[in-house]
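Here the structure is laid out as structure tokens; the discussion comes afterwards.
In this chain, residues are counted from 1 in sequence order. Order of listing sets the numbers, starting from 1, for every ligand and every atom in it.
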Amino acid sequence: MYKAVVRLNEQYLGLTKDPCRVFDMFAKFHRLSGALCQKSNVKCQSPDCPQMPPCDFKAEEYKGMSKDRIMEIRKHRCNPMVMKVTYYNKPVCLTQGYMQWLWDTDGRRYLDLFAGIATVSVGHCHPKVTEAAEKQLRCLWHTSNIYMTTPLHEYTEKLTAHLPDQLKVVYLTNSGSEANDLAMLMARLHTGNFDIITFRGSYHGGSPQTLGLTSYAAYKYPIANGFGCHTTMCPDVFRGLWGGSHCRDSPVQTIRQCSCDPGCCQANNMYIEQLKEVLASSVPSRIAGFFGEPIQGVGGAVQYPKNYLKEAYKLVRERGGVCIADEVQTGFGRTGSHFWGFEGHGVIPDMVTMAKGIANGFPMGAVITTQEIANSFAKGIHFNTFSGSPLACTIASSVLDTIREDGTQQTSATVGTYLLTELAKLREKYEIIGDVRGKGLQIGVEMVKDKESRAPLPAEAISQIFEDVKDMGVLIGKGGAFGQVTQDIIGSLDQLELLCSLFCIFQVLVCPGKKLSH
Ligand SMILES: Cc1ncc(COP(=O)(O)O)c(C=O)c1O
């Protein structure tokens, strides 16, 4: 079996005791091979393997069903789709979580850098949030929103305090797909128009309606879907047709050259031209709206040129459309500089959709919009049994308090910026790290065959790296059209120690035995 050289054991190190020599060999190795592959079946038993940072929390001993039995049930009783999306050749079976840590059936501890797909915003089983949930569980679970309950109204008021003045009207949902479904409906009802534009490579959900917005072949079925949904070119300044060294709002720019004068961004102009072309050719003269993630999540932490959204919003509004920011991944301070991703683009949307981090893993979502747009929705009747559940609202309320009290957003900015700049140094050294991007703790590292071609690192090599990182005790995510972007979306943010770990991954990836200092 071929596997990517993500760690070199003594077998390899035996060739030299000098770490820098190892590094040279390594560099030569992948320069020649491009894809950085060699025959290997090493296990990470080397003393050079980085150690996990210590953890005071003691997980309970697991005494439940065996992992084999769980796998049997998964294979034969769960829809095959569940198996299909299962991460890793040797999947992990998790039993407990505490802040940034997860434990599996074997009692093995993992550092969770993926946070349940950008969802665990303040840490697994955060004690404060857990306490609030427990208290509410003993008091009232469910009523549906046909009755008034205190948690729904307290939460709604607390949440809207985080939004600009014109965005104060909330409808609570149970997921991001539902929130985006409703936002599509509201946009259409309010404008009286039907057509909606999204970016190629975007992910806005898997419901029949949102599948039209989601622009990813892998998620599409050969059924009639996406009536009135259109895509424009994703302004991806690393992989796209245009991009340079000043385009994005990140501590790290692309490796592409730039000949723009100060204050001008040719890449932005070109991508905006693409949107103009879609407006001129694919949609009627009046449109319902435009959906955009402030940073593409599933698409691979893709960032657009700085002024793109500003100009796109203007064009969309000129055509009668409303602008929707999908903050399902970028919301709740994850990008560090702001509470919402759209704030980093200097725009104010007409609607904001959110989920994931809203309740630290408890199923919840929301659409927040203007009074006028909400009024258009209220002309008909919409009902959702679980909307505004007292339990969900209590948890989400405690998450907002915890973000403030723990200083999560600031930590995201500090730790994320440090992490990004250190990762960028590794990119300078190693041919297979094509791009390092993101803001705060929404970070993508794009793996390539080589920097010149920017061709994605082959899936086999990516999978092996992914598997090895897990075997070393660190969970990360994968994104991008080719699964070529590793995503590090750190869940609980009180942990500079995490940095050591992540660097260690890359340290082993590139140069075992050599410590990276802060
Ligand atoms: C940006 C974005 N929007 C919407 C969704 C859909 O959310 P959910 O899976 O809660 O339906 C996702 C899920 O990954 C997402 O990343």
Side-chain angles (χ1 to χ4, degrees), residues 81-82 84-85 87 114-121 171-187 196-216 218-220 225-226 229 231 234 236 289-304 309 323-332 334-335 340-342 344-345 349 351-368 384 386-387 389 392 395-396 399 438-444 476-481 483 485 487-489 491:
M81 188 55 70
V82 176
K84 200 166 177 183
V85 300
Y87 263 10
F114 201 34
I117 317 183
T119 299
V120 180
S121 45
Y171 193 92
L172 296 169
T173 66
N174 307 296
S175 70
S177 300
E178 255 184 44
N180 283 335
D181 264 341
L182 275 188
M184 289 173 86
L185 181 61
M186 289 185 201
I196 299 177
I197 300 172
T198 56
F199 288 126
R200 276 166 225 146
S202 64
Y203 185 89
H204 296 288
S207 64
Q209 283 264 63
T210 55
L211 259 191
L213 302 178
T214 291
S215 168
Y216 239 115
Y219 294 103
K220 298 271 189 191
N225 78 97
C229 295
T231 59
C234 177
D236 177 347
F290 169 80
F291 265 80
E293 301 159 79
I295 297 177
Q296 242 175 31
V298 177
V302 174
Q303 290 185 277
Y304 325 129
L309 281 188
C323 298
I324 299 130
D326 180 337
E327 295 277 355
V328 168
Q329 292 215 12
T330 44
F332 299 93
R334 193 173 291 286
T335 63
W340 304 110
F342 67 77
H345 291 272
M351 256 187 271
V352 181
T353 59
M354 58 199 74
K356 289 193 185 282
I358 193 172
N360 205 38
F362 197 86
M364 197 180 189
V367 187
I368 303 189
N384 181 324
F386 297 115
S387 162
S389 128
I395 292 172
V399 166
K439 272 183 77 177
L441 287 171
Q442 178 143 27
I443 294 174
I476 57 174
K478 264 196 288 190
V485 186
Q487 286 178 296
D488 316 311
I489 304 172

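Between the side chains of Asp236 and Gln296, not a single donor N or O lies within less than 3.5 Å of an accepting N or O.
No side-chain heavy atom of Phe291 sits under 4.5 Å from any side-chain heavy atom of Met351. Contact check for Thr335 versus Pro294: no side-chain heavy atoms found under the 4.5 Å cut-off.
Residues meeting the side-chain hydrogen bond (donor to acceptor under 3.5 Å, both in side chains) test with Asp326, sequence neighbours left out: Asn180, His204. Not counting sequence neighbours, the partners of Tyr216 by the ring pair (Phe, Tyr, Trp, His ring centres under 6.0 Å) test are Tyr219. Among residues two or more places apart in sequence or in another chain, the ring pair (Phe, Tyr, Trp, His ring centres under 6.0 Å) test is passed with Phe332 by Phe339, Trp340.
Near ligand 1, residues Ser175, Gly176, Ser177, Asn180, Tyr203, His204, Gly205, Glu293, Val298, Asp326, Val328, Gln329, Lys356 each place a heavy atom inside the 4.0 Å sphere around the ligand atoms.
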